[in-house]
Number of protein chains: 2
Amino acid sequence: MHALSDPVRLSIVAELRKAEEGLNCVETTSRLKCTMPKSTCSQHYRILRESGIIQSERRGVELTSKVRRKELDSRFPGLLDAILKAWRREHEA
Amino acid sequence: MHALSDPVRLSIVAELRKAEEGLNCVETTSRLKCTMPKSTCSQHYRILRESGIIQSERRGVELTSKVRRKELDSRFPGLLDAILKAWRREHEA
DNA sequence: TTCTATTGTTCACAATTACCGAACAATAGA
DNA sequence: TCTATTGTTCGGTAATTGTGAACAATAGAA
């Protein structure tokens with residue numbers, strides 16, 4: 001819950017869910033159109049990773065991350081969907 | 001989301017949902033079996049109130065609070081249920 | 001190999017936020 | 001009025017978060 005309570009992290013998760021093949025830090029910040037230092041982005045990714053929400057894989061020089069949909073849905077059914085739906089309602093309205 | 005990310009606030013909401021007639025700060029801390037200063041409890045209630053999760057009503061010298069179920073369910077369907085279910089799974093397991 | 005470019009992490013410090021005790025406000029009853 | 005109870009506000013301190021600089025790791029070019 002703490003990992004998903006930060007608005008920046010929530011928007012990162014929302015972007016990761018849209019991108020099927022995963023995203024790295026640089027792609028994420030450019031898609032979010034927010035100026036975020038890479039150290040801050042790295043911290044957010046670390047929190048998301050340690051909380052089990054995303055998994056990351058090294059591809060050459062970059063680190064590609066994806067949402068762990070299956071694990072999350074089996075452990076907390078409907079949770080991420082409900083949170084993202086609420087977030088979109090607030091964020092895009 | 002921020003209001004629901006704190007474990008103490010989440011346990012307060014869980015207790016409030018169980019108590020049909022609402023609870024005040026003192027009753028809440030005793031039910032949670034946690035030693036929490038009343039100033040801290042007051043802050044948590046203020047955050048829950050300002051975020052629209054609970055509503056409070058003065059009854060004599062005490063302040064009785066309830067979860068705003070209808071408003072929350074109509075605006076964010078399934079959100080609170082999913083969060084509380086996930087919380088119980090982590091908390092009582 | 002060595003140099004350069006790119007991506008991401010770590011560290012230390014600054015800024016922000018949360019916690020808590022003390023004083024205060026409000027209400028009820030003796 | 002006096003006392004007891006509940007809750008809020010305020011100030012200082014502790015904890016957390018954001019950030020730039022330095023560093024690590026990988027890939028490709030020279």
Side-chain angles (χ1 to χ4, degrees), chain A residues 1-16 19-68 83 87 91, chain B residues 1-16 18-68 83 87 90-91:
Chain A
M1 284 308 303
H2 168 253
L4 292 175
S5 71
D6 182 272
V8 174
R9 285 196 290 273
L10 211 44
S11 60
I12 290 175
V13 173
E15 281 298 326
L16 288 180
E20 200 62 41
E21 288 304 309
L23 295 174
N24 62 25
C25 276
V26 175
E27 291 168 336
T28 307
T29 48
S30 79
R31 293 202 184 192
L32 293 180
K33 299 183 180 62
C34 69
T35 59
M36 175 169 48
K38 56 183 181 176
S39 58
T40 304
C41 191
S42 176
Q43 296 295 333
H44 285 314
Y45 269 89
R46 185 179 56 81
I47 291 173
L48 288 172
R49 204 178 305 123
E50 291 179 353
S51 68
I53 294 170
I54 66 172
Q55 59 183 356
S56 303
E57 180 190 357
R58 186 153 212 112
R59 287 191 180 181
V61 75
E62 59 191 275
L63 197 69
T64 302
S65 299
K66 298 179 184 179
V67 177
R68 302 177 65 177
I83 291 177
W87 176 81
H91 196 263
Chain B
M1 285 309 303
H2 168 254
L4 291 176
S5 72
D6 182 273
V8 174
R9 283 195 292 272
L10 212 44
S11 60
I12 290 176
V13 172
E15 282 298 327
L16 287 180
K18 283 195 285 186
E20 200 61 41
E21 287 304 308
L23 295 174
N24 62 25
C25 277
V26 175
E27 290 168 336
T28 307
T29 48
S30 80
R31 293 202 185 192
L32 293 180
K33 296 183 181 64
C34 68
T35 60
M36 174 169 48
K38 56 183 181 175
S39 58
T40 303
C41 190
S42 176
Q43 295 295 331
H44 285 315
Y45 268 88
R46 185 179 58 80
I47 292 172
L48 289 172
R49 205 178 304 123
E50 290 178 353
S51 68
I53 294 170
I54 68 172
Q55 60 184 354
S56 304
E57 180 189 358
R58 185 150 213 114
R59 287 192 180 179
V61 74
E62 58 191 276
L63 198 68
T64 303
S65 299
K66 298 179 183 179
V67 177
R68 301 177 65 176
I83 291 177
W87 176 81
E90 288 294 278
H91 195 264

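Below, chain A is the first sequence line, B the second, and so on; all start at residue 1. Since this is a predicted model, take the numbers as computed values, not measurements.
- Rounded to whole Å, atom P of C/dG29 lies 15 Å from atom CZ of B/R59.
- Following rounding to the nearest Å, B/I47 (CD1) and D/dG7 (C1') show an atom-to-atom distance of 16 Å.
- Across the protein-nucleic acid pair, B/E57 atom CD and D/dG7 atom C1' stand 16 Å apart, rounded to whole Å.
- Across all strands shown, D/dA27 is found opposite C/dT4 as a Watson-Crick or G-U wobble partner, with both distances under 3.5 Å.
- Screening A/I53, A/L48, A/I54 for a side chain to side chain contact (heavy atoms under 4.5 Å, CB included) with A/I12, the sole residue that qualifies is A/L48.
- Remark: A/R59 does not engage A/E62 in a salt bridge, criterion side-chain N to carboxylate O under 4.0 Å.
- Taking atom CZ of residue A/R9 and atom C1' of nucleotide D/dG18, one finds them 12 Å apart after rounding to whole Å.
- B/M36 has its CE atom 12 Å from the C1' atom of C/dC20, to the nearest Å.
- The closest donor-acceptor contact from the side chain of A/R49 to the backbone of A/S65 lies at 3.5 Å or more, if one exists at all.
- Within the nucleic acid shown, B/R49 comes within 4.0 Å of sugar-phosphate atoms alone, with no base atom in reach, counting heavy atoms only.
- Atom OH in B/Y45 sits roughly 12 Å away from atom C1' in D/dT6 (whole-Å rounding).
- Counting all heavy atoms, side chain and backbone alike, A/T64 lies closest to A/E21 at CG2-O, 3.4 Å.
- Summary of the strand contacts: A/P37 and B/E27 both lie near DNA chain D, and taking for each the nucleotide with the nearest heavy atom, the more 5' one is attributed to B/E27.
- One donor-acceptor pair, N or O on each side, does fall under 3.5 Å between the base of D/dG20 and the side chain of A/S39.
- Heavy-atom nearest nucleotides on DNA chain C were determined for A/R46 and for A/E62, and the one closer to the 5' end corresponds to A/E62.
- Candidate nucleotides C/dT9, D/dT6, C/dG21 were compared by shortest atom distance to the side chain of A/L63, and C/dT9 ranks first.
- In terms of phosphate contacts, B/H2 brings no side-chain nitrogen or oxygen within less than 4.0 Å of OP1 or OP2 of D/dT17.
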For the pair A/R31 and A/E27, evaluate salt bridge (charged side-chain N to carboxylate O under 4.0 Å, His left out) and give the outcome as yes or no after the intermediate values. CA-CA 6 Å; A/R31 293 202 184 192; A/E27 291 168 336; 5.8 Å; no

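- For the pair B/S42 and A/H44, nearest-nucleotide mapping onto DNA chain D gives the more 5' position to B/S42.
- Nearest nucleotide to the B/K38 side chain, out of C/dG8, C/dT6, D/dT8: D/dT8.
- Nearest to the side-chain atoms of B/D6 among the listed nucleotides D/dT5, C/dT7, C/dC19 stands C/dC19.
- Pair assignment for C/dA30 gives D/dT1, based on Watson-Crick or G-U wobble hydrogen-bonding distances that are each under 3.5 Å.
- The CD-P distance, from B/Q43 to D/dT13, rounds to 18 Å in whole Å.
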